[in-house]
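Throughout, a chain's letter reflects where its sequence line sits, starting with A, and its residues are numbered from 1. Values below: all heavy atoms of this structure, side chains included; hydrogens, waters and symmetry mates excluded.
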Amino acid sequence: MSAAFFSSDIPIEDLTESQRKAVYHVDGPLLVVAGPGSGKTRVIISRIAALINSGVSPYNICAITFTNKAAQEMRTRLEGMGAGTSGAHISTFHSLCVKILRWYGQRAGIGSNFSIYDDNSQKRCMKEAVRVSGVDTSNFAPARMLGVISRFKNDLESPEDIKVRGDDYFMKNTAKIYENYQKILSDNNALDFDDLLVKTAFLLRNHPEVRSELNRRFKYLLVDEYQDTNHAQYQIARGLAIEHSNICVTGDPDQSIYRWRGADIGNILAFETDWPNAVVVKLEENFRSTPNILELADKLIASNKQRKQKTLIPTLERGEDVIVQDYPDDSEEAFSVAREIQKLIYDGSEPSEIAVFYRVNSMSRAIEESLIQKRIPYQVVRGVEFYARKEIRDMLAYLKVMVNPDDDIAFVRAIGTHPRGIGKTTLDKLAIYASENGIGLNKAAEKAHLLDSTTEAIRAKLTMFAAMLEKFRKDAEGEVAPLMERVFSETGLLEYLQTQGSEGESAVENINELINSAAEYDKQIAEPNLTDYLQTIALYSDTDAYDAKSGKVSLMTLHAAKGLEFDNVFIEGLEEGLLPHERSADNQEELEEERRLFFVGITRARRRLFISLARHRVMRGQYLRTVPSQFLYEAGFDLDQINSESSEDAEESDRIEDYYDSQVPQEAPFRVNELVEHMKFGTGRVKEFLNLGEDSIVVVEFSSGKVKSLMLKYAKLTKVNINK
DNA sequence: AGATTAAGTCTTTTT
DNA sequence: GACTTAATCT
């Protein structure tokens, strides 16, 4: 066994004493409480290398990361160390569960070709579940029910558990909806994100032989970001290590930011009770940030009551002061941040070393616009958007129904990708036939000749569609990209999109990009197959879109910032209602989580930290005055001082406020016969104006000849200046 | 059947 | 404003 890769990549003398302990304590339970910037990732990687070096086969190592991105990075770094490290299993909980369910799922009645349902499909199923449960959709809104039931699942509570828990109106019906929802998923041979965890946890609990086999396979388990594990994940980790106790978890209670998703900070706090002979290593030194930044983080997090006392020990020299700046409004904020970024780049900072964090995704637009104006390259870290595109989902629907013929959601979507003479009426009839015979829609379409509720012509169309799917299915083995290409042209989707003008053109481009990425998958995976491909891309996440080598400024939510670091960090929108978010205001625990979220953001910064707030912000289309975040006071900033420091800004703020006040329509903003311009419809002339205040309606005759009545508050109408 | 338009709903964070 | 659904037109 060679120690060469080990000593070259990770010189032992470079590790601190605590880090060394975390790396070399190989057997038995180990808890590594690692503060931000304490070299945690490095410790995990060194630990895996040390295990392999001491004779453990990589095949027996399982590391669980929080995101696919983190897993991929870890694999790359390990592979870079030399041969022999690549057999280790490194993935997220969800990906690991997919694998386990493919191996052992049959024992729990789960076929390996299950679909994984995204938000959209989940919503469709939930809608149906609420409908068949016969309750009022206004009291049991599908979106809300999804959230409620997701929490039950994360806590490993079945519909039966909920049933016995209470017999009040809400609980009783929730249990019923939950039960129906699960029935629908199972009819579709589908699992939602939470089911992946739930089914795996139950598999480990109810099938001791599976648990033993997995304990023998994965002799060493590592779980990163343990503070953000929910109960289901906790049970899975426990089950995977129960027979050998070689479980090493790493995390930081102060960085727990997924409580709303069921994450239980108690898991990490109680680790020593769960594993009585656990060794605990604390990594408190910080090698990332300047003392200026760390003092701020320390001061802020001290306001949290539910935590273990911990200090950040700086190791770097003092640096630049943290800057807090307020701006008159959100667009000023965005513009000024862009200007600061420009300055940084001009002074020699790499764009890839600059990041902007915000609480909600909708805040990205303002800063994007400012960066575009200044021609600063940027990337928005929001990865699922590509796969959420209509045309991409359409394309994938064909593939999903090929792999899983029971997937009715995919079947309906595939039929509706473009007009083919099968509409809603026919689908309704098909659905009735299918449920009467206890089969899926795809099966029903295969038997369309028996569907006497419709015409011969339509029966033929259904039969043809089913035959086409069957034909694809016969060659669904092996590489994905060639198959996709065939599906694209032979279904007629390509041909249809080519008739749809520029919108269709970009759709074709996107699908081609999908085919390219599938080709990439084919190349990278030893034995590519469609089922695996679909299950893999279903688990892509936002953070996976972050490319450290893009050479661009990064824009992302505070949640997506977890695990990353940058020389220069901007955090926007330090306002009450935004950070902390209004939905967390009435709950002390949620408020503490918001505080941790800010803490995570602060501690991403190595050298410079810019915090900003806007005194006014456009929220839900309304221009509102804001209140500075309480977190700023807690962190020791005197807001009044910030205010007085820039009396010009205050004047500017007043001026802008006056301006916006003057914009509130005192009288009709548009007069009859006035020329106006609309973003989409072009120029036109006002025919009529109904002054209903906020709900005013403008009737405009556009140059195309069309007359439209538009809601004033939504229509993007501007006056045309004729003097120009 | 399918396209177009009007009206209504929701709006934090994400695997 | 984004998105879905219901109503209406072709």
Original post:
Side-chain contact, heavy-atom cut-off 4.5 Å: F202(A) with Q235(A)?
Top reply: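 F202(A) does not reach Q235(A) side chain to side chain.
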Original post:
Any side-chain heavy atom of Q72(A) within less than 4.5 Å of one from N68(A)?
Top reply: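 No, every pair of side-chain atoms sits at 4.5 Å or beyond.
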May I ask you to say what [X] touches in the nucleic acid, namely base, sugar-phosphate or nothing, with a heavy-atom cut-off under 4.0 Å?
X	answer
I458(A)	sugar-phosphate
N68(A)	nothing
F93(A)	nothing

Would you say [N] has OP1 or OP2 under 4.0 Å from some side-chain N or O of [X]?
X	N	answer
K127(A)	dT5(C)	yes
T557(A)	dT14(B)	yes
R365(A)	dG1(C)	yes
N361(A)	dT14(B)	yes

From [options], pick the nucleotide closest to the side chain of [X]?
X	options	value
Y258(A)	dT14(B), dT12(B), dA3(B)	dT14(B)
Y496(A)	dT4(C), dA3(B), dT12(B)	dA3(B)
N120(A)	dT4(C), dT12(B), dG2(B)	dT4(C)

Original post:
So, the side chain of N304(A) versus the backbone of R307(A): is there a donor-acceptor pair under 3.5 Å, distance only?
Top reply: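 Side chain of N304(A) to backbone of R307(A): no pair is present.
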Original post:
Given atom CE of M556(A) and atom P of dT14(B), what is their separation to the nearest angstrom?
Top reply: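 It is 11 Å, rounded to the nearest whole Å.
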**OP:** Verify the stacking flag for H559(A) against dT13(B): centroid separation must be under 5.5 angstrom and the ring planes must differ by under 30 degrees.
**Re:**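 The base of dT13(B) is not stacked with H559(A) (the test needs centres under 5.5 Å and planes under 30°).
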Subject >> Face-to-face stacking of W260(A) with dT13(B), centres under 5.5 angstrom, angle under 30° >> reply: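 So W260(A) counts as stacking on the base.
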Subject >> Test: R596(A) and E593(A) ion pair at under 4.0 Å >> reply: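 Counted as a salt bridge, because a side-chain N and a carboxylate O are separated by less than 4.0 Å.
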**OP:** Please tell me which of R261(A) and A141(A) maps to the more 5' nucleotide of DNA chain B, matching each residue to the nucleotide holding its nearest heavy atom.
**Re:**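 The 5'-side residue here is A141(A).
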Subject >> Closest-nucleotide 5' rank along DNA chain B - winner of T454(A) and R583(A) >> reply: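 Final value for this comparison: T454(A).
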**OP:** List the steps, then state whether salt bridge (Lys or Arg N to Asp or Glu O under 4.0 Å) holds for R617(A) with E333(A).
**Re:** CA-CA 10 Å; R617(A) 185 175 294 277; E333(A) 179 188 39; 2.9 Å; yes
